[in-house]
Amino acid sequence: MRLKKMDERTVGLFATQEGVSAVDSQVRMNILSMLREREMGFDEIVASTGRAKSTISVHLRSLADEGIVSSRPDPADARKKIFFLSSSYLGGLSRRRRIEKDMEEYISKHALSSDDPFEFFRLMFRTIRVALLSEGIDLDPVLHEAGEKVGEALYTKVADPDLSKLLSSLATFWKAQRLGRMEVKSLEPLIIHVYDCFECQDLPFLGRPACAFDSGILEAIFSRHYNNNVSVKETNCYAMGDGYCRFIVENKK
């Protein structure tokens, strides 16, 4: 699960063996963002943050006490330590102004006027997500990880050495499950557009991409296909005011 760099208005939530820990320091969040990418030595963390050694030492000690990070001896120099993330990032609580969204109006707009059970469960999914967003709770990391698990399972159904056939099977699945209409716009780089997106089409305007679940599915599928970790970047989204969602699949190397 990727850990986005947080701004000073966000509190990060981490799952540890002792429970959920909240991190509200920008310096600590920057340290954790780096450790999510790879293990790092103390001196490297200091150099990357631009903070004093004493400051970083205090933060690392606190993060270790809370069970968020751990360390081991540096094999190249036993006097030094290698630090790594030992907890899971759950999401963030934003201190930004709460989303001004009338939930009653939202529910009536997308309403219970259809006898289609699918529409009701779609309404449930979106209403719960909007309710959490209105409280400043960002579930994107959890949704992304859930999407990766679905993508791993789905890959066995759509896998094909021929990329064009895989994409065709994936588009068929997307349509059959009413997740939206998928179109491939480019193979190099691989760019996919999704219209009528299930995940985000009826969300309020957020000003940022909101398809963390879909991104997770695509990331898992194409990582398996290319036999290499890929990242999926969403550049356009209904939640940004666009008329489609645009995903770019990039090789992490």
Side-chain angles (χ1 to χ4, degrees), residues 1-8 10-93 138-153 155-156 159 189-190 212 215-234 248-253:
M1 183 192 305
R2 290 195 304 273
L3 172 57
K4 298 183 293 183
K5 184 176 181 180
M6 296 292 173
D7 63 36
E8 61 184 5
T10 302
V11 177
L13 301 178
F14 293 81
T16 70
Q17 292 184 350
E18 302 301 322
V20 176
S21 258
V23 177
D24 61 0
S25 162
Q26 174 66 24
V27 177
R28 294 186 190 185
M29 288 302 297
N30 287 345
I31 292 172
L32 294 171
S33 179
M34 293 187 295
L35 292 181
R36 180 62 184 88
E37 296 298 323
R38 60 185 177 86
E39 298 178 344
M40 297 178 71
F42 176 77
D43 291 338
E44 190 177 5
I45 295 174
V46 171
S48 298
T49 59
R51 302 281 179 158
K53 288 186 176 182
S54 57
T55 299
I56 298 303
S57 180
V58 169
H59 285 307
L60 286 172
R61 189 179 303 114
S62 295
L63 290 170
D65 290 343
E66 294 170 20
I68 299 173
V69 302
S70 295
S71 64
R72 58 180 175 79
D74 186 338
D77 186 344
R79 296 171 299 176
K80 298 181 179 180
K81 292 181 179 180
I82 299 294
F83 293 89
F84 57 91
L85 198 65
S86 57
S87 58
S88 298
Y89 178 56
L90 298 177
L93 285 171
D138 175 19
L139 281 180
D140 283 2
V142 175
L143 290 172
H144 188 276
E145 186 168 9
E148 287 180 327
K149 292 178 180 178
V150 171
E152 286 287 340
Y155 178 75
T156 60
L190 180 55
S215 295
I217 293 177
L218 296 175
E219 196 165 290
I221 288 175
F222 291 110
S223 290
R224 289 285 301 276
H225 175 75
Y226 290 116
N227 196 30
N228 183 57
N229 289 336
V230 303
S231 64
V232 174
K233 181 179 181 181
E234 186 181 12
I248 302 176
V249 180
E250 299 176 328
N251 192 316
K252 285 188 177 181
K253 285 186 178 180

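Please read these numbers as outputs of a predicted model, since none were measured by experiment.
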Practice problem: Flag the pair Ile56 / Val27 as yes when at least one side-chain heavy-atom distance between them is below 4.5 Å, and no otherwise. | Solution: yes
Quiz item: Distance from Ile217 atom CD1 to His144 atom NE2, nearest 0.5 Å?
Solution: 10.0 Å
Quiz item: Are any of the side-chain heavy atoms of Phe84 and Leu35 separated by less than 4.5 Å?
Solution: no
Quiz prompt | Shortest non-hydrogen separation from Ser87 to Thr16 and the atoms involved | solution = CB-CG2, 3.9 Å
Quiz item: Do you know the tightest heavy-atom contact between Val69 and Ser86?
Solution: C-OG, 3.3 Å
Exercise. Nearest 0.5 Å please: distance from the CD atom of Glu39 over to the CG atom of Asp74.
Key: 10.0 Å
Exercise. List the atom of Ser71, the atom of Lys81, and the distance in Å for their closest heavy-atom pair.
Key: OG-CD, 3.6 Å
Practice problem: Verify, without hydrogens or angle tests, whether Ser33 (side chain) and Met29 (backbone) share a donor-acceptor contact under 3.5 angstrom. | Solution: no
Using distance only, find each side-chain donor-acceptor pair of residues 40-52 under 3.5 Å and give its atom names and separation, not counting sequence neighbours.
{"unit_1": "Glu44", "atom_1": "OE1", "unit_2": "Arg38", "atom_2": "NH1", "d": "3.4"}
{"unit_1": "Glu44", "atom_1": "OE2", "unit_2": "Arg38", "atom_2": "NH1", "d": "3.0"}
{"unit_1": "Glu44", "atom_1": "OE2", "unit_2": "Arg38", "atom_2": "NH2", "d": "2.4"}
{"unit_1": "Ser48", "atom_1": "OG", "unit_2": "Glu44", "atom_2": "O", "d": "2.9"}
{"unit_1": "Thr49", "atom_1": "OG1", "unit_2": "Ile45", "atom_2": "O", "d": "3.0"}
{"unit_1": "Thr49", "atom_1": "OG1", "unit_2": "Val46", "atom_2": "O", "d": "3.2"}
{"unit_1": "Thr49", "atom_1": "OG1", "unit_2": "Arg51", "atom_2": "N", "d": "3.4"}

Practice problem: Could you tell me whether the side chain of Leu85 reaches within less than 4.5 Å of the side chain of Ile68, counting heavy atoms only? | Solution: yes
Quiz item: Got a second to check how far Glu219's CD is from Glu145's CD, nearest 0.5 Å?
Solution: 11.5 Å
Practice problem: State, with a plain yes or no, whether a side-chain heavy atom of Ser223 is found less than 4.5 Å away from one of Glu148. | Solution: no
Quiz item: Got a second to check how far Phe222's CZ is from Asn251's CG, nearest 0.5 Å?
Solution: 13.0 Å
Quiz prompt | Distance, nearest 0.5 Å, that separates CG of Asn227 from NE2 of His225 | solution = 10.5 Å
Practice problem: Find out whether Phe14 and Leu63 are in side-chain contact, i.e. whether some heavy atom of one side chain is under 4.5 Å from a heavy atom of the other. | Solution: no
